[in-house]
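Position 1 is the first residue of the sequence, and the numbers go up from there.
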Amino acid sequence: MAQQLYNFTSKDSTSDHLNSTAWLADLGIVVFLSVSNIFLSITASLGNILILIALRKVTSLHPPTKLLFRCLAVTDLFVGLVTHPLNAAFIILRMKFNDGNFIGGVNSALSVLLCGVSVLTSTAISVDRFIALSLGLRYRQAVTLTRIRVFILCSWTSGALIGSMHLWTYPDVVWDIALVITLLCLVTSGFSYTKIHLKLRQHQLQVQAHLGQQSRGRAPVDIARYKNTVSSTFWVQLALIACYAPFCIVSAISINENGYYMAWLVTTTLVYLNSSMNPILYCWKIREVNRAVKNTVRQMCGVFQ
């Protein structure tokens, strides 16, 4: 993306006027994106700090699953603390000084790392829920803290390696790799949730067949709790798809970088928006997290009073 944003080399007044109008429109987008990144930096940082505190008090989640949620919150926290400010600085420098290549390169490398780990972790959460439903009582022996820690370590290591490649090799190659991995993860998550839906529907029909009319609509406590967890992880995955899909589309069709530069900036900010949305979804869909966050906020307010 190391291209000039604006070109004022037109030869007549009509083209000068058109270029000026386009420049003002682009200026408005740049200002909006810069302010948005600064605002989202605050919301992502504060939101994910609260989630990390709240997850310590949550007991309904299986420890490996909770560890995956913590990993996702940590990546979102770093997006708020580091990536958002760097992205805002890059946009401003490119607009005002036609510079910022170094900051842009560092930001892209960190984006590959953090967003890559985020996508892999979200996919792991969906696969974890599918394994829990498929294995039943054997799930706790199959999915352990040790194995999840190894997975997280491998995710961060591979993300760091691919991100560092952005600084030392062809950036387009890195983005192609990131795009392929993202699409594979989205397909895997979609497959997992489809299988979960079919298995839950089959289980519900079996319960209705065995327990009769009075038991319809009621499920055992463990299945009810499992459904709540699946619901929360499904909304997290849906938010990830909504935030990442536009960027994947723009990246796939952006053969001419000059024509898609603004679209790239907008969709990149949309990707980062996912880090602010996840804490909201945790509070909305996981009651224990909601209560823990409220208690934490009350305690913090009491300290400052």
Side-chain angles (χ1 to χ4, degrees), residues 60-62 64-73 75-76 115-144 147-148 151-152 154-155 158 177-211 216-252 267 270-271 273-275 277-278 280-282 284-287 289:
S60 60
L61 293 175
H62 186 46
T65 305
K66 185 193 291 189
L67 182 58
L68 288 172
F69 275 107
R70 282 177 172 170
C71 178
L72 190 58
T75 59
D76 290 338
C115 295
V117 173
S118 181
V119 171
L120 288 172
T121 305
S122 296
T123 304
I125 291 174
S126 64
V127 174
D128 170 74
R129 294 297 81 200
F130 172 63
I131 293 175
L133 184 62
S134 300
L135 297 184
L137 296 177
R138 293 177 296 163
Y139 164 73
R140 292 182 179 271
Q141 287 75 38
V143 180
T144 63
R147 291 177 178 175
I148 295 299
F151 165 78
I152 292 174
C154 292
S155 298
S158 59
I177 294 173
L179 180 61
V180 170
I181 292 175
T182 301
L183 292 176
L184 287 175
C185 287
L186 294 180
V187 170
T188 302
S189 297
F191 173 80
S192 297
Y193 284 116
T194 301
K195 296 293 289 184
I196 287 172
H197 173 75
L198 294 176
K199 282 184 173 292
L200 285 176
R201 183 175 178 83
Q202 182 182 12
H203 178 270
Q204 185 178 7
L205 293 175
Q206 291 175 348
V207 169
Q208 292 177 356
H210 285 86
L211 301 183
R216 290 184 181 180
R218 297 189 307 179
V221 176
D222 57 339
I223 291 296
R225 180 178 294 180
Y226 173 83
K227 286 183 178 180
N228 289 333
T229 307
V230 168
S231 175
S232 62
T233 58
F234 173 76
W235 280 100
V236 169
Q237 189 68 33
L238 193 63
L240 185 142
I241 293 173
C243 291
Y244 278 73
F247 178 80
C248 291
I249 294 172
V250 169
S251 298
T267 54
L270 187 61
V271 167
L273 171 65
N274 183 249
S275 298
M277 293 180 63
N278 284 339
I280 297 174
L281 294 173
Y282 293 153
W284 176 37
K285 300 303 296 183
I286 306 179
R287 293 181 180 178
V289 172

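When all heavy atoms are compared, the tightest approach of Leu281 to Val236 is CD1-CA, 3.8 Å. A pairwise comparison of heavy atoms in Ser158 and Ser155 identifies OG-O, 3.0 Å as the closest pair. Between Thr121 and Cys71, the closest heavy-atom pair is OG1-SG, 3.6 Å. Looking at every heavy atom in both residues, Cys185 comes nearest to Leu120 through SG-CD2, 3.6 Å.
Distance check: Leu198 CG to Tyr193 OH gives 14.5 Å after rounding to the nearest 0.5 Å. To the nearest 0.5 Å, atoms OG1 (Thr182) and CD1 (Ile241) are separated by 11.5 Å. Taking OG of Ser122 as the start and CG of Leu238 as the end, the distance is 11.5 Å to the nearest 0.5 Å. For the atom pair CG of Asp76 and CE of Met277, the computed distance is 11.0 Å after rounding to the nearest 0.5 Å. For the atom pair CG (Leu61) and CG (Leu67), the distance works out to 11.5 Å, reported to the nearest 0.5 Å. Here the straight-line distance linking atom OG of Ser192 with atom CG of Leu133 works out to 11.0 Å at 0.5 Å rounding.
Within a 6.0 Å sphere centred on NZ of Lys66, other residues, nucleotides and ligands contribute more than 12 heavy atoms.
Under the 3.5 Å distance criterion, with hydrogens and angles disregarded, no donor-acceptor pair is assigned to the side chains of Gln237 and Ser126.
Side-chain contact between Val119 and Ile181: absent, with no pair of heavy atoms (C-beta onward) separated by less than 4.5 Å. You'll find the side chain of Pro64 stays beyond 4.5 Å of the side chain of Arg147, heavy atoms only.
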Applying side chain to side chain contact (heavy atoms under 4.5 Å, CB included), run through Arg129 and Thr65 and close with a yes or a no.
CA-CA 9 Å; Arg129 294 297 81 200; Thr65 305; 3.1 Å; yes
Side chain to side chain contact (heavy atoms under 4.5 Å, CB included) between Tyr244 and Asn274: does it pass, once the steps are laid out?
CA-CA 8 Å; Tyr244 278 73; Asn274 183 249; 4.3 Å; yes
Determine, stepwise, if the pair Leu179 / Phe247 fulfils side chain to side chain contact (heavy atoms under 4.5 Å, CB included).
CA-CA 9 Å; Leu179 180 61; Phe247 178 80; 5.9 Å; no
Derivation of the side chain to side chain contact (heavy atoms under 4.5 Å, CB included) call for Phe191 and Thr194
CA-CA 5 Å; Phe191 173 80; Thr194 301; 5.7 Å; no
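Formation of a donor-acceptor pair under 3.5 Å by the Thr75 side chain with backbone atoms of Leu72 is found in this model.
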